[in-house]
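Remember, predicted model here, so these are calculated numbers, not experimental data. Here is the naming used below: chain letters follow the sequence lines, and residue numbers restart at 1 for every chain. The figures here come from the full heavy-atom set of this structure, side chains too, leaving out hydrogens, waters and symmetry mates.
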Amino acid sequence: MDAAALLAQRVRAGDVRATARLISMIERDDPSRLETLKTLHAWTGRAHIIGITGPPGSGKSTLTDKIVSELRNRKRRVAVVAIDPSSPFTGGAILGDRIRMNRHSTDESVFIRSLATRGHLGGLSRATSEAVRVLDAAGYDDIIIETVGVGQSEVDVVRLADTIVLVSVPGMGDDIQAIKAGVMEIGDVFCVNKADRDGAERVVREIRAMLETAVLNGASTRFSVLYASLAAESAIPDSVAPETHDYFQQGAAHHIAKQHHDHGELDLPPVLTTIAESGEGVRDLVDAIKAHETGLVSTGLLAIRRRENLAWELGKAAADRIQSVLEHEERKSAMAELASAVLEKRTDFYEALDKLERSLAAAYVAQES
Amino acid sequence: MERTIRVLVAKPGLDGHDRGAKVIARALRDAGMEVIYTGLRQTPEQIVNAAIQEDADVIAMSILSGAHNHLFPRVLELLKDKGVDDVLVIGGGVIPDDDIPGLKAAGIAEVFTPGTPTSATIDFIRNNLKRKA
């Protein structure tokens with residue numbers, strides 16, 4: 001058996017060192033990992049992937065620790081991928097999420113891995129998606145992704161998780177308002193942590209109001225986006241004029257959403273309160289997370305969500321490859337030359353861009369063959 | 001690309017504060033390393049399991065309580081039991097000079113006592129990693 005197949009076999013057999021080592025290979029972009037990942041692919045897609053996100057200091061790690069305990073009570077094997085930022089200056093990082101969870105280190109059914117962002121924006125590290133797949137293949141039932149402390153637009157976790165828990169805390173005042181536009185749209189389950197603090201009820205009310213308004217307005221929250229894609233799945237009758245297809249699908253999305261709502265299959269995202277420090281509310285939170293998963297499966301949304309996410313990831317990976325062609329020395333000097341031509345008015349920006357795109361395509365084809 | 005060094009910083013035993021460990025963690029971070037900080041009151045079992053899951057290149061432990069002669073060798077023993085032989089293990093804290101030879105014999109690569117400049121620890125790690133790839 002070759003090294004890649006052997007590594008895959010060890011990961012499948014639950015060998016913690018092999019799993020940890022493979023994640024390191026992913027982190028440093030080691031090309032020899034690919035054969036192993038290809039082999040493991042057959043065993044992926046089984047785990048429930050849970051994203052936990054929210055602003056810095058909202059208690060994500062403490063909450064994750066308690067969620068792990070609750071899932072362990074339910075006899076689930078749990079993996080955690082916790083992401084913290086790297087320094088943009090030195091590349092170093094302090095990965096401190098583990099402090100809150102290290103008591104699970106001696107539980108053989110729990111695997112915790114800290115990842116540094118290593119320059120990646122969006123709230124995750126570049127290695128996250130592959131690391132999650134490895135843990136999925138390794139047989140963990142639930143995989144929790146704890147993002148970096150997010151601000152407004154670090155929403156990459158949407159592309160990986162089946163269920164997203166958005167953690168808020170009281171006392172952030174206008175900050176809650178501020179993050180409404182980006183991060184607040186991605187939650188499947190909302191959790192107001194540190195609920196023993198003043199103002200928790202107000203935050204709950206604000207989030208509920210935000211969600212209700214979003215649905216009434218037909219705004220494109222993640223919720224309604226998914227209904228729209230579900231509608232796109234349903235065949236459009238021939239009698240519907242092509243120019244009204246969009247409108248038809250919008251109506252269908254609404255209809256499907258309402259049906260699910262009426263059947264109690266998939267309600268508006270729940271808003272719960274927790275005190276992670278003491279564990280209060282965590283059981284209900286885990287119930288809500290699991291109910292969301294059940295809803296995704298029974299409505300068929302899980303498959304749609306995963307397919308959309310994978311399509312996005314494919315596009316992203318392709319863009320990365322093209323970017324690497326663009327960063328070749330040859331291309332760089334071509335860009336410098338084109339820039340001079342634009343500045344000296346020998347050509348204009350858009351002609352230069354077209355020319356660059358053509359040379360890029362040629363280089364890409366040459367590299368592939 | 002240069003390999004990013006991952007260091008697990010841990011406080012085994014019952015010490016009540018971790019300022020020294022945090023100073024080291026900061027210094028290693030500023031030297032471009034990734035520091036997995038596990039905090040206070042860790043058992044040797046927790047430290048070793050965490051180091052394996054994190055695929056750490058280095059375990060750096062700090063002790064002030066005087067339990068180093070028991071806890072440091074225990075970590076090395078557990079690593080050996082699990083067949084891990086490529087992790088550099090270093091120690092620091094309030095450790096009498098007389099104890100250092102015994103700790104080194106047990107497999108602690110180096111012991112850094114109060115007053116050691118952080119650069120000495122950083123250089124030691126860079127020059128003594130057990131695995132290159």
Side-chain angles (χ1 to χ4, degrees), chain A residues 15-32 61-62 65 78-119 125 127 131 134-135 138 140, chain B residues 1-12 18 21-60 75 78-79 81-87 118 122 125-126 131-133:
Chain A
D15 181 331
V16 175
R17 279 184 78 197
T19 303
R21 199 53 65 91
L22 181 54
I23 293 174
S24 296
M25 289 166 73
I26 294 167
E27 280 204 279
R28 59 172 183 273
D29 220 357
D30 185 336
S32 68
S61 300
T62 308
D65 170 58
V78 190
V80 177
V81 181
I83 298 130
D84 265 330
S86 301
S87 158
F89 303 110
T90 66
I94 303 267
L95 309 173
D97 293 324
R98 210 181 170 102
I99 298 174
R100 319 271 176 227
M101 321 175 196
N102 216 27
R103 66 200 175 100
H104 296 294
S105 289
T106 45
D107 181 345
E108 282 181 2
S109 297
V110 178
F111 181 99
I112 302 169
R113 179 61 178 253
S114 316
L115 299 177
T117 53
R118 298 194 181 181
S125 84
V134 167
L135 294 165
Y140 292 97
Chain B
M1 203 178 87
E2 205 184 322
R3 194 172 181 288
T4 306
I5 300 170
R6 286 170 68 88
V7 185
L8 186 102
V9 173
K11 291 277 308 173
D18 58 352
K22 279 180 178 152
V23 168
I24 270 293
R26 256 308 302 251
L28 298 179
R29 184 201 78 172
D30 290 342
M33 301 180 195
E34 289 181 358
V35 179
I36 300 111
Y37 195 72
T38 58
L40 287 166
R41 286 182 282 277
Q42 298 296 305
T43 65
E45 287 78 9
Q46 286 175 323
I47 292 168
V48 168
N49 287 354
I52 290 172
Q53 290 173 9
E54 297 290 352
D55 196 25
D57 305 288
V58 184
I59 297 177
V75 166
L78 287 167
L79 284 171
D81 287 351
K82 290 182 184 279
V84 180
D85 56 4
D86 55 359
V87 175
T118 52
I122 292 163
I125 290 174
R126 286 205 175 120
R131 49 180 149 110
K132 306 291 170 217

query: Given side chains that start at C-beta, do those of T4(B) and R28(A) come closer than 4.5 Å, heavy atoms only?
result: no
- prompt: What part of V84(B) is in contact with chain A, defined as an atom under 4.5 angstrom from a non-hydrogen atom: side chain, backbone, both or neither?
  reply: both
field: Atom of S114(A), atom of I36(B) and distance for their closest heavy-atom approach
entry: OG-CG2, 4.0 Å
side-chain contact (heavy atoms from CB on, under 4.5 Å) between D55(B) and R17(A), worked out: CA-CA 7 Å; D55(B) 196 25; R17(A) 279 184 78 197; over 6 Å; no
query: Is D30(A) salt-bridged to R3(B), cutoff N-O under 4.0 Å?
result: no
task: Pick whichever of E54(B), R26(B), E34(B) has the most heavy-atom pairs under 4.5 Å with chain A.
output: E54(B)
Within-4.5 Å side-chain heavy-atom neighbours: K22(B) and I94(A): no
query: Do you know which two heavy atoms are closest between A50(B) and N102(A), and how far apart they sit?
result: CB-OD1, 3.8 Å
- line: Max heavy-atom pairs within cutoff under 4.5 Å with chain A, candidates Q42(B), M33(B), R6(B), E45(B), goes to R6(B)
message: Can you tell me which portion of R100(A) sits under 4.5 Å from chain B's heavy atoms? Options are side chain, backbone, both or neither.
response: neither
statement: Correct closest heavy-atom pair for T90(A) and D30(B) would be CG2-O, 3.3 Å
- request: For the residue pair S105(A) and N49(B), confirm or rule out a side-chain donor-acceptor distance under 3.5 Å.
  value: no
message: If we count only N and O atoms by modelled type, under 3.5 Å, do the side chains of R98(A) and Q53(B) hold a donor and an acceptor together?
response: yes
- request: Please test L95(A) against Y37(B) for side-chain contact (heavy atoms from CB on, under 4.5 Å), starting from the C-alpha separation and ending with a verdict.
  value: CA-CA 6 Å; L95(A) 309 173; Y37(B) 195 72; over 6 Å; no
query: Of the listed residues (T19(A), I23(A), T106(A), I99(A)), which shares the most heavy-atom pairs with chain B below a 4.5 Å separation?
result: I99(A)
- line: Okay, V80(A) and chain B: the region with an atom under 4.5 Å from a heavy atom over there is neither
